[in-house]
Protein chains: 2
Amino acid sequence: MDDLDRRLLDQLQRDAGQTLHELGELVGLSASAVQRRITRYRASGLLTREIAVLDAAKLGGMLFVVLVALERESHEHHRRFAERMRGTPEVQQCYELAGRWDYLVVLSTSDMARCRELGDELFQRDDNVQRYETMPVFDAVKTGLAVSLS
Amino acid sequence: MDDLDRRLLDQLQRDAGQTLHELGELVGLSASAVQRRITRYRASGLLTREIAVLDAAKLGGMLFVVLVALERESHEHHRRFAERMRGTPEVQQCYELAGRWDYLVVLSTSDMARCRELGDELFQRDDNVQRYETMPVFDAVKTGLAVSLS
DNA sequence: GTCGTCCACGCAAAAATCTTGCGCTTCGGC
DNA sequence: GCCGAAGCGCAAGATTTTTGCGTGGACGAC
């Protein structure tokens, strides 16, 4: 993991749609060298996948942020909760937290009503959820999954 | 925006690395038809960009969730705050919220110390930030930017 | 009904990109 | 100094993307 890797990965996090040649010019490598590095990232699991980013606003959808505190915190309870989050398509993101709350969940739904339904289904009905707080998102100021490569 | 579009976009949100032919098989179109639709998504701004997703854990980085409440809520104050978030590379995501908190910020840093520095720089020093609460992320249960296409 | 237009499709050729074999250089261990 | 491993660029070969073209269905005007 040298400086070339960092620059390349940083570039890929920003825009993975460029050609190998373009990427090569940006970091100072030939297309084939770039390609071999990317293959290595993929093989090592460092580069998980490539995804298309859609404009949520243009689709008329809404986002909600939900903070969740569990009642009991056993390993099994956590596993079950996580599994449910992973299995629900409207759950865009879910993080297990340290601190006052146990989970942060980001929901992407078509409207408010669907959010309420989901809240009911995922949190209200689960008697291991002690309390949860739902906040609608006014505006997605910045989105992305880019990790700091310092 | 028909059913084919929804299935195609859904697929692209999950994995944009497939060939047009593969995508075509999944939704029942030829490669060229798939391509023409994707070109349309791009032109209309619906498809913003394609990005590589890296495994944060494999890079040894940490994630933090920060909830922020502002002191004064004028348009200008919001604009300034948002601009600062957009301009900070370690700010992975930032959402303006309705409810008890004004912003949710996701930070990606190399370590705890850097998070503290950032918190200081971005929130502590800003006298329009009334209060903020930082929570380290134990585990990224689910990540992505996939929007519900109902 | 039927004509004409529009739009999206599939097919296939052309263009572009990705992949891989090869020879070269660099670097570290012995 | 010599050897092997690792990474590079170049260029040929394989694959994918892009585009031109002809076809067929939907729809409105007549």
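Since we're looking at a predicted model, the values are computed, not measured. Every chain is numbered from 1 and lettered A, B, ... according to where its sequence line falls, protein lines coming before strand lines. All values below were derived from every heavy atom in this structure, side-chain atoms included, with hydrogens, water molecules and symmetry-related copies excluded.
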Asks: In whole angstrom, give the distance that lies between atom CD of B:Gln18 and atom C1' of D:dT15.
Replies: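 Atom CD in B:Gln18 sits about 16 Å away from atom C1' in D:dT15.
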
Asks: What is the distance from CG of B:Asp2 to P of C:dC9, rounded to the nearest Å?
Replies: 8 Å

Asks: Give the rounded distance in Å between these two atoms: CD of B:Glu22 and C1' of D:dT16.
Replies: 11 Å

Asks: Is it true that, when you exclude B:Arg116 itself, more than 12 heavy atoms of the residues, nucleotides or ligands shown sit nearer than 6.0 Å to its CZ?
Replies: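 Counting neighbours around CZ of B:Arg116, 12 or fewer heavy atoms of other residues, nucleotides or ligands fall under 6.0 Å, so no.
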
Asks: Round to a whole Å and report the spacing from CG of B:Leu29 to P of D:dT17.
Replies: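 Rounded to the whole Å, the gap is 15 Å.
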
Asks: Is B:Arg36 near enough to C:dC7 that one of its side-chain N or O atoms lies under 4.0 angstrom from OP1 or OP2?
Replies: no

Asks: Establish whether the base of C:dC11 is bridged to the side chain of B:Ser32 by a donor-acceptor pair shorter than 3.5 Å.
Replies: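 Such a pair is found, so the answer is yes.
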
Asks: Round to a whole Å and report the spacing from NE2 of B:His21 to C1' of D:dT17.
Replies: 13 Å

Asks: Which residue, A:Leu20 or B:Val34, contacts DNA chain C at a nucleotide closer to its 5' end, judged by nearest heavy atom?
Replies: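 Final value for this comparison: B:Val34.
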
Asks: Is A:Gln35 close enough to C:dT19 that one of its side-chain N or O atoms is under 4.0 Å from OP1 or OP2 there?
Replies: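 So the side chain of A:Gln35 is within the cut-off, an N or O lying under 4.0 Å from OP1 or OP2 of C:dT19.
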
Asks: Using whole Å, report how far CG of A:Leu4 lies from P of D:dA6.
Replies: 18 Å

Asks: Any chance NE2 of B:His77 has more than 12 other-residue heavy atoms, nucleotides or ligands included, within less than 6.0 Å?
Replies: yes

Asks: Look at B:Glu83 together with B:Arg80 and state whether they make a salt bridge at an N to O cut-off of under 4.0 Å.
Replies: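 Answer for the salt bridge query: no.
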
Asks: How many Å lie between CD1 on B:Ile38 and P on D:dT16, as a whole number?
Replies: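 Atom-to-atom, B:Ile38 to D:dT16, this comes out as 14 Å.
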
Asks: Give one of base, sugar-phosphate or nothing for A:Thr19, where a contact means two heavy atoms less than 4.0 Å apart.
Replies: sugar-phosphate

Asks: Once you round it to whole Å, what is the distance between C1' of C:dC18 and CG of A:Leu23?
Replies: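 My rounded result for the distance is 12 Å.
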
Asks: Within the supplied structure, the quantity of interest is the number of heavy atoms (other residues, nucleotides, ligands) at a distance under 6.0 Å from B:Arg100 CZ; does it exceed 12?
Replies: no

